[in-house]
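For reference, the structure discussed in these notes is given below.
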Amino acid sequence: MGRSPCCEKAHTNKGAWTKEEDQRLVAYIKAHGEGSWRSLPNAAGLQRCGKSCRLRWINYLRPDLKRGNFTEEEDDLIIKLHQILGNKWSVIAGRLPGRTDNEIKNYWNTHIKRKLLARGIDPKTHRQLRAAASSPFSRPLDQLAAAACSSCSPETSGACHSSDDDCGGIDLNLSISPPRGPPSSSPSSLPTTEEA
DNA sequence: AACAGGTTCAACCGCTCATGA
DNA sequence: TTCATGAGCGGTTGAACCTGT
């Protein structure tokens, strides 16, 4: 209703990015830095929506991305952070260097959800599901969080974590910090499309 | 070898938030 | 204070890939 489209759809490509598009985007950001996503496509000679460019850069082309499998430590950290923060993927991603919100969101939906269900834990509430209470794998996340933080009880863990408490060796300072450094920090390490 | 069903993940969509005029 | 615009976020989709039969 009166909402202007984010870009001129008639002249924008959609779907998978080509190598050439990736190269153009990387080259442009290398030269001019991130930002001004709306005007970037024109400036970079891309037939793409600015949003699409931003997403492609953040989720795939950024040089500081880790990629590859998540470690057990990352798994646990995601679960704990999700218990505290809920579906704040961007904030969770901010605590996991080299990981993106989209990647974590996908990983949660495909792997961790299932893992928690197998343990008899509701992935939404992080509470024990009744039916699976006797699962040999069950270890209520409440207990996990409480064990990680001596000052937390299952009932109070949420409130506790809003401070700068260091729980279980995990820095849970949740103040919003830029999830990523300046793009110009190491342009030479930009991935080539061959790597992608 | 061929097919069906399941899984993964890149990308899109629509909404809210932040900012500046 | 209000409105317009751009940026960012979370939910969802669908094509590609994998696995079992």
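Below, chain A is the first sequence line, B the second, and so on; all start at residue 1. Only this structure's heavy atoms are used, side chains among them; waters, hydrogens and symmetry mates stay out. This one's a predicted model, so the numbers in the text were calculated from it and none came from an experiment.
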Given [N], is OP1 or OP2 found less than 4.0 Å from the side-chain N or O atoms of [X]?
X	N	result
A:S36	C:dG6	no
A:S52	B:dC12	yes
A:R56	B:dA11	yes
A:W108	C:dG10	no
A:R54	C:dG6	no
A:S90	C:dC9	yes
A:W17	B:dA10	no

[X] has an atom [atom1]; how far is it from atom [atom2] of [N], in whole Å?
X	N	atom1	atom2	answer
A:K105	B:dA10	NZ	C1'	11 Å
A:L25	B:dA10	CG	C1'	15 Å
A:H82	C:dG11	NE2	C1'	13 Å
A:R114	B:dG6	CZ	P	12 Å
A:W57	B:dA11	CH2	P	14 Å
A:I104	C:dC9	CD1	P	12 Å
A:Y107	C:dG11	OH	P	19 Å
A:R38	C:dA4	CZ	C1'	11 Å

For [X] and [Y], indicate whether the former's side chain and the latter's backbone hold a donor-acceptor pair under 3.5 Å.
X	Y	result
A:Q128	A:G120	yes
A:H32	A:Y28	yes
A:R95	A:V91	no

C:dT1 - base-pair partner by Watson-Crick or wobble geometry, distances under 3.5 Å: none
Which nucleotide, [options], lies nearest any side-chain atom of [X]?
X	options	result
A:R48	C:dG11, C:dA7, B:dC12	B:dC12
A:L55	C:dC9, B:dC12, C:dT12	B:dC12
A:A16	B:dA11, B:dT8, C:dA7	B:dA11
A:Y60	C:dG11, C:dC9, B:dA10	B:dA10
A:D101	C:dC9, C:dA7, B:dA10	C:dC9
A:N106	C:dG10, C:dT12, B:dT8	C:dT12
A:N102	C:dG11, B:dT8, C:dA7	C:dG11
A:H111	B:dC9, B:dC12, C:dT12	B:dC9

Answer yes or no: side-chain N or O of [X] and base N or O of [N] forming a donor-acceptor pair under 3.5 Å.
X	N	result
A:K88	C:dG10	no
A:K51	C:dG6	no
A:N59	B:dA11	no

Can you tell me how the ring of A:W108 sits relative to the ring of A:W89, calling it parallel under 30°, perpendicular over 60° and tilted otherwise? tilted
What distance separates A:D75 CG from A:N69 CG, expressed to the nearest 0.5 Å? 10.0 Å
Quick one: pull up CZ in A:R54 and CZ in A:R48 and give me the separation to the nearest 0.5 Å. 15.5 Å
Looking only at non-hydrogen atoms, find the nearest pair between A:L25 and A:C53 and report the distance. CD2-O, 3.5 Å
